[in-house]
Amino acid sequence: MTRLSGITPSGPVHVGNYLGAIRRWAREGDPADLYFVSDLHAMTTPYHPQKLRGRTRELLAILIAAGIEPDTVFVQSDLLPQLGPLTWVLECACAFGEAARMTQFKEKSADRSHEGTPVRVGLFTYPVLMAADILLQGADEVPVGDDQAQHVELARVLARRFNGTYGEAFVVPRAVTPPAAARVRDLADATRKMDKSASDSAGVLFALDEPDLLRRKVKRAVTDSLARLEYRPDEQPGLANLLEILGACLDKSPREVVAGFSSYGEVKDAVAEAVIEELRPIRERTLELLADPTELDRIRAVGGARATGRGSHRLTTVLRLAGVA
Ligand code: AQP
């Protein structure tokens, strides 16, 4: 059984990505799973090519440094020769109305129109590219949050339609809900989730931040003036967020970790030290890998070759059934 998960280099990796996804992939990943850096998805909104290239390498290095089996990791753009034709075939199997129904497109395009920046056609069609990511690899399960479940549903619809119309080629994937993980929120505003592409990074703990910077960001975290040391997410969201981060780092519940503190300052010190210790080995290994481009390229090539190998037979079948090969 193959599970496929991706992460987009839309900004530097933060502690939310790490605790909510990457650490789980490293701990629970199966050799049959696939993890990929979805750099093509980062092109759906304005971006800088050099930064994208750098962030893609950095993210690949972080996934390896975090302990994910290197063979199971690949970079999406390394599969462009396969994903390009497959995306076209799937776009030609997708009704305009189906793509237009995607809630995420409606929300993200509304944001862009609001900002006065053009909405890219890629933002509209990327769920079809996501279907190609999934279907090319023959993934059985795709762990996604609520915001992506509709896209996996589209992949299911397209797989069934192609199989029914032209012939059996695709595994019909399932969306699965990943085990509940801490939803880390921004330290400066606990109503917002911690975001890679946040315009203000004062409340975002990046995985490669220096320990001193992490300490300063945690010290400035917004809490409240109630001076109550309890875990009450609704009434004290800033404190609750800190306790959730601490709990996730220590593999304990936020209620367990809150006992024993006598001030918010103590909580912040403990959070800073726990995050620094959690990230230290990953930061060190990532910097080593980034300093050794030959090794990183070698790892990248192995993962890319494995993913390409998995998809090539399926793509040949699809093109033949579609009448274009
Ligand atoms: N704040 C978070 N807390 C816990 N988990 C999180 N994830 C993202 N933010 C948090 C998880 O990280 C994985 C990769 O996510 P993605 O690349 O699809 O990015 P995203 O979910 O759109 O969120 P980001 O990282 O903040 O990026 P941008 O700025 O591009 O929106 C997923 O498993 C996600 O749940």
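As the structure is a computational prediction, the values presented were derived from the model and not from experiment. What's counted below: heavy atoms across the whole structure, side chains too, no hydrogens, waters or symmetry copies.
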Lys193 side-chain N/O to Arg183 backbone N/O, donor-acceptor pair under 3.5 Å: no
Value rounded to 0.5 Å, distance of CD1 in Ile68 from CZ in Arg24: 10.5 Å
Results of side chain to side chain contact (heavy atoms under 4.5 Å, CB included) for Thr117 - residues two or more places apart only: Arg112, Glu115
Check ion pair Arg192-Asp186 (N to O, under 4.0 angstrom): yes
Minimum heavy-atom distance between Ala188 and Val222, given as atom pair plus value: O-CG2, 3.5 Å
Minimum-distance pair of heavy atoms, taken over all atoms of Pro85 and Leu319: CB-CD2, 4.4 Å
Can you list, pair by pair, the side-chain donor-acceptor contacts under 3.5 Å of residues 207-214, counting residues two or more places apart and other chains?
{"from": "Asp209", "atom 1": "OD2", "to": "Phe206", "atom 2": "N", "distance (Å)": "3.1"}
{"from": "Asp209", "atom 1": "OD2", "to": "Lys217", "atom 2": "NZ", "distance (Å)": "2.7"}
{"from": "Asp212", "atom 1": "OD1", "to": "Arg215", "atom 2": "NH1", "distance (Å)": "2.8"}

ring-ring contact (aromatic ring centres under 6.0 Å, His included) pairs, two or more places apart, involving residues 79-103: Phe96-Phe124
Donor-acceptor contact present, side-chain Tyr18 to main-chain Arg23, <3.5 Å: no
Contacts of Ser197 that satisfy side chain to side chain contact (heavy atoms under 4.5 Å, CB included) - sequence neighbours left out: Asp195
Separation between OG1 of Thr308 and CD of Gln82, rounded to the nearest 0.5 Å: 5.0 Å
Heavy-atom side-chain contact between Arg306 and Thr72 under 4.5 Å: yes
Contacts of Arg280 that satisfy side chain to side chain donor-acceptor pair (under 3.5 Å) - sequence neighbours left out: Glu277
Results of side chain to side chain contact (heavy atoms under 4.5 Å, CB included) for Thr8 - residues two or more places apart only: Ser10, Ser38, His41, Ala42, Lys196
Validation row: Val89, Phe162 side chains within 4.5 angstrom (heavy atoms): yes
Backbone N/O of Glu266 and side chain of Ser263: donor-acceptor pair under 3.5 Å: yes
Non-hydrogen atoms of Asn163 and Ala169 that approach each other most closely: OD1-N, 2.9 Å
Side chain proximity check, Leu187 to Leu242, heavy atoms < 4.5 angstrom: yes
Within residues 129-147 or reaching into it, pairs that qualify as salt bridge (charged side-chain N to carboxylate O under 4.0 Å, His left out) - sequence neighbours excluded: Glu141-Arg174
Worked check of side chain to side chain contact (heavy atoms under 4.5 Å, CB included) between Val318 and Tyr166: CA-CA 9 Å; Val318 168; Tyr166 302 108; over 6 Å; no
Of all pairs that satisfy side chain to side chain donor-acceptor pair (under 3.5 Å), the ones with a partner from residues 313-325, not counting sequence neighbours: none
Nearest-0.5 Å distance, CZ of residue Arg156 to CG of residue Leu154: 11.5 Å
Residue pair Thr2 / Arg310, side-chain heavy-atom distance below 4.5 Å: yes
Would you be so kind as to tabulate the donor-acceptor pairs closer than 3.5 Å made by side chains of residues 244-261, with sequence neighbours excluded?
{"from": "Glu244", "atom 1": "OE1", "to": "Arg185", "atom 2": "NH2", "distance (Å)": "2.9"}
{"from": "Glu244", "atom 1": "OE2", "to": "Arg185", "atom 2": "NH2", "distance (Å)": "3.3"}
{"from": "Glu244", "atom 1": "OE2", "to": "Tyr231", "atom 2": "OH", "distance (Å)": "2.5"}
{"from": "Asp251", "atom 1": "OD1", "to": "Arg27", "atom 2": "NH1", "distance (Å)": "3.1"}
{"from": "Asp251", "atom 1": "OD2", "to": "Arg27", "atom 2": "NH2", "distance (Å)": "3.0"}
{"from": "Ser253", "atom 1": "OG", "to": "Glu256", "atom 2": "N", "distance (Å)": "3.1"}
{"from": "Ser253", "atom 1": "OG", "to": "Glu256", "atom 2": "OE1", "distance (Å)": "3.3"}
{"from": "Arg255", "atom 1": "NH2", "to": "Tyr231", "atom 2": "O", "distance (Å)": "3.4"}
{"from": "Glu256", "atom 1": "OE1", "to": "Ser253", "atom 2": "N", "distance (Å)": "2.9"}

Nearest atoms (heavy-atom pairs only) where Trp25 meets Ser5: CZ2-CB, 3.5 Å
Shared hydrophobic cluster, Leu79 / Val73 (ILVMFWY, side-chain heavy atoms < 4.5 Å): no
Val302-Val75 co-clustered via ILVMFWY side chain contacts under 4.5 Å: no
Leu289-Val13 co-clustered via ILVMFWY side chain contacts under 4.5 Å: yes
Straight-line distance of Thr223 OG1 to Leu239 CG, nearest 0.5 Å: 7.0 Å
Side-chain donor or acceptor of Asn241 paired with backbone N/O of Gly238 under 3.5 Å: no
Gly16 backbone acceptor or donor facing His14 side chain under 3.5 Å: yes
Donor-acceptor pair between Asp39 and Ser77 side chains, under 3.5 angstrom: yes
Leu315 side chain near Leu136 side chain, heavy-atom distance below 4.5 Å: yes
Flag side-chain contact, heavy atom, 4.5 Å: Ile7 against Tyr35: no
Same cluster (ILVMFWY, side-chain, under 4.5 Å), Val271 and Leu229: yes
Spatial distance of atom CD (Glu58) from atom CG (Leu63) [nearest 0.5 Å]: 11.0 Å
Sub-4.5 Å side-chain heavy-atom contact between Glu91 and Leu129: no
Minimum heavy-atom distance Ala202-Asp200, with the two atoms named: N-OD1, 3.0 Å
I'd like a table of donor-acceptor pairs (distance under 3.5 Å, sequence neighbours excluded) in which one partner is a side-chain atom from residues 293-300, with atom names and distances.
{"from": "Glu295", "atom 1": "OE1", "to": "Arg298", "atom 2": "NE", "distance (Å)": "3.0"}
{"from": "Glu295", "atom 1": "OE2", "to": "Arg298", "atom 2": "NH2", "distance (Å)": "3.0"}
{"from": "Asp297", "atom 1": "OD1", "to": "Arg57", "atom 2": "NH1", "distance (Å)": "2.8"}
{"from": "Asp297", "atom 1": "OD1", "to": "Arg57", "atom 2": "NH2", "distance (Å)": "3.1"}
{"from": "Arg300", "atom 1": "NE", "to": "Asp78", "atom 2": "OD2", "distance (Å)": "2.8"}
{"from": "Arg300", "atom 1": "NH2", "to": "Asp78", "atom 2": "OD1", "distance (Å)": "3.0"}

Partners passing side chain to side chain contact (heavy atoms under 4.5 Å, CB included) against Arg232 (at least two apart in sequence or in another chain): Leu226, Arg228, Glu230, Glu235, Gln236
Sequence neighbours excluded, every pair satisfying salt bridge (charged side-chain N to carboxylate O under 4.0 Å, His left out) that has a member inside residues 92-106: Glu98-Arg161
Test side chain to side chain contact (heavy atoms under 4.5 Å, CB included) applied to His151 and Tyr126, step by step: CA-CA 9 Å; His151 295 167; Tyr126 106 86; 3.3 Å; yes
Side chain to side chain, Asp269 and Lys219, heavy atoms closer than 4.5 Å: yes
Linked, directly or transitively: Leu40 and Leu60 (ILVMFWY side chains, under 4.5 Å): no
Minimum heavy-atom distance Met194-Val15, with the two atoms named: SD-CG1, 3.7 Å
Distance (rounded to the nearest 0.5 Å) between Met130 CE and Leu4 CG: 8.5 Å
Side chain to side chain contact (heavy atoms under 4.5 Å, CB included) evaluation trace for Arg120 with Thr44: CA-CA 6 Å; Arg120 300 181 174 202; Thr44 56; 5.6 Å; no
